[in-house]
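As structure tokens, the structure follows; a few thoughts come after it.
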Amino acid sequence: MQIKEHHRWDLKYEEAVALQTELSKKLILNDSFGAIEKIAGVDVKCVKERNEVLGVVIIFSYPELNIIEIKMAKDVISYPYIPGLLTFREGPVVEQIFTQIKNIPDLVFFDGQGYCHPRRFGLASHMGLILNLPTIGCAKNKLCGNYKEPSQTKGSYSYIFDDGEIIGAALRTKNEAKPIFVSIGHKVSLISAIKFTLSVSKFRIPEPTRIAHNYLEGIV
DNA sequence: GCGACAG
DNA sequence: ATCTTGTCGC
Ligand SMILES: [Mg+2]
């Protein structure tokens, strides 16, 4: 798919932070999508040993979840891991992969935060804006904010608050398991993000990102 | 200064 | 993310 020209990725800390604060204003926080027939799962892994970053995007039919397309790309690690600036480390490869994608997804799941971010602009939100696609952030851990533990039943959730604002939800995607931190990426409301995430969860990690992650495990 | 801290 | 054996539980 075609991706519009945008800002540089090699920004210094202060510049990156300022960019996030600015671009967050452009996010669409309500439902702005049509029929969801194809969804995508994205994941990235870093092999420090070889100084390379590997990424994969898997397209699935929805709700069947049959794999339709798989594309991956490799790049050199060009940015350190800094909490809050993960996009500058993983974004470049992800963008490169979407360039090769033929089946444009109607919704994309990311392994990381979206709006649940200090500047309300995590990986899922940033990529959603760049790709101009509906996105959802599904993180395995919390980055910021406070929440009360949801009940142990699959499907229950509690909102994550920060600075008096709801920025995401701690969603129980599996009984008795640690919750998944769901947040708006772009063009999908929080309640819909929760609904979609639950609809693709067979285990703790939602299928799109779980399968993308497993795929990378099998790559040398 | 101290604690928190996506992947 | 990566390192890395065993161990607990269904
Ligand atoms: Mg990941």
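In the text below, chain A, chain B and the rest are named by the order of the sequence lines, each starting its count at 1. For clarity, every value in this text was computed on a predicted model and none was experimentally measured.
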Picking from B:dA6, B:dC5, C:dT2, the nucleotide nearest the side-chain atoms of A:K45 would be C:dT2
Compare side-chain N and O positions of A:N141 against OP1 and OP2 of B:dG7 and report whether any pair is under 4.0 Å apart. yes
Mind calculating the distance between CD1 (A:I205) and P (C:dA1) to the nearest angstrom? 9 Å
Quickly work out the A:N146 CG to B:dG3 C1' distance and round it to whole Å. 13 Å
May I ask you to check whether A:T209 and A:D43 show a side-chain donor-acceptor distance below 3.5 Å? no
What's A:L85 touching, base or sugar-phosphate or nothing? Going by heavy atoms closer than 4.0 Å. base
Across the strands shown, which category fits A:H213 at heavy-atom distances under 4.0 angstrom: base, sugar-phosphate, nothing? sugar-phosphate
Atom-to-atom span, CD of A:E52 to P of C:dA1 - whole angstrom: 16 Å
A:S199 and A:Y62: side-chain donor and acceptor closer than 3.5 Å? yes
For the rings on A:F33 and A:F196, is their centre-to-centre separation under 6.0 Å? yes
Going by centres under 5.5 angstrom and planes under 30 degrees, do the aromatic ring of A:Y81 and the base ring of B:dG7 stack? yes
Whole angstrom value for the distance that separates P of B:dA6 from OH of A:Y147: 12 Å
Please confirm whether the shortest side-chain N or O distance from A:K142 to OP1 or OP2 of B:dA4 is below 4.0 Å. no
Does A:K140 place a side-chain N or O at less than 4.0 Å from the phosphate oxygens OP1/OP2 of C:dA1? yes
Interatomic distance where CD belongs to A:E176 and P belongs to C:dC10 [whole Å]: 10 Å
Per the salt bridge (charged side-chain N to carboxylate O under 4.0 Å, His left out) rule, which among A:K178, A:R172, A:K142 passes with A:E149? A:R172
Need one value for A:G84: base, sugar-phosphate or nothing, where a base atom within 4.0 Å counts as base even if backbone is also close, heavy atoms only. base
A:I180 atom CD1 is separated from B:dA6 atom P, nearest whole Å, by 14 Å
note: A:Y79, atom OH; B:dG7, atom C1'; distance rounded to Å ~ 15 Å
Within this structure, what is the CG-to-P distance between A:L54 and C:dT2, rounded to whole angstrom? 9 Å
Quick one: label A:E90 by what it contacts on the DNA or RNA (base, sugar-phosphate, nothing), any heavy atom closer than 4.0 Å. sugar-phosphate
What about A:H126 and A:F88, are their ring centers closer than 6.0 Å? yes
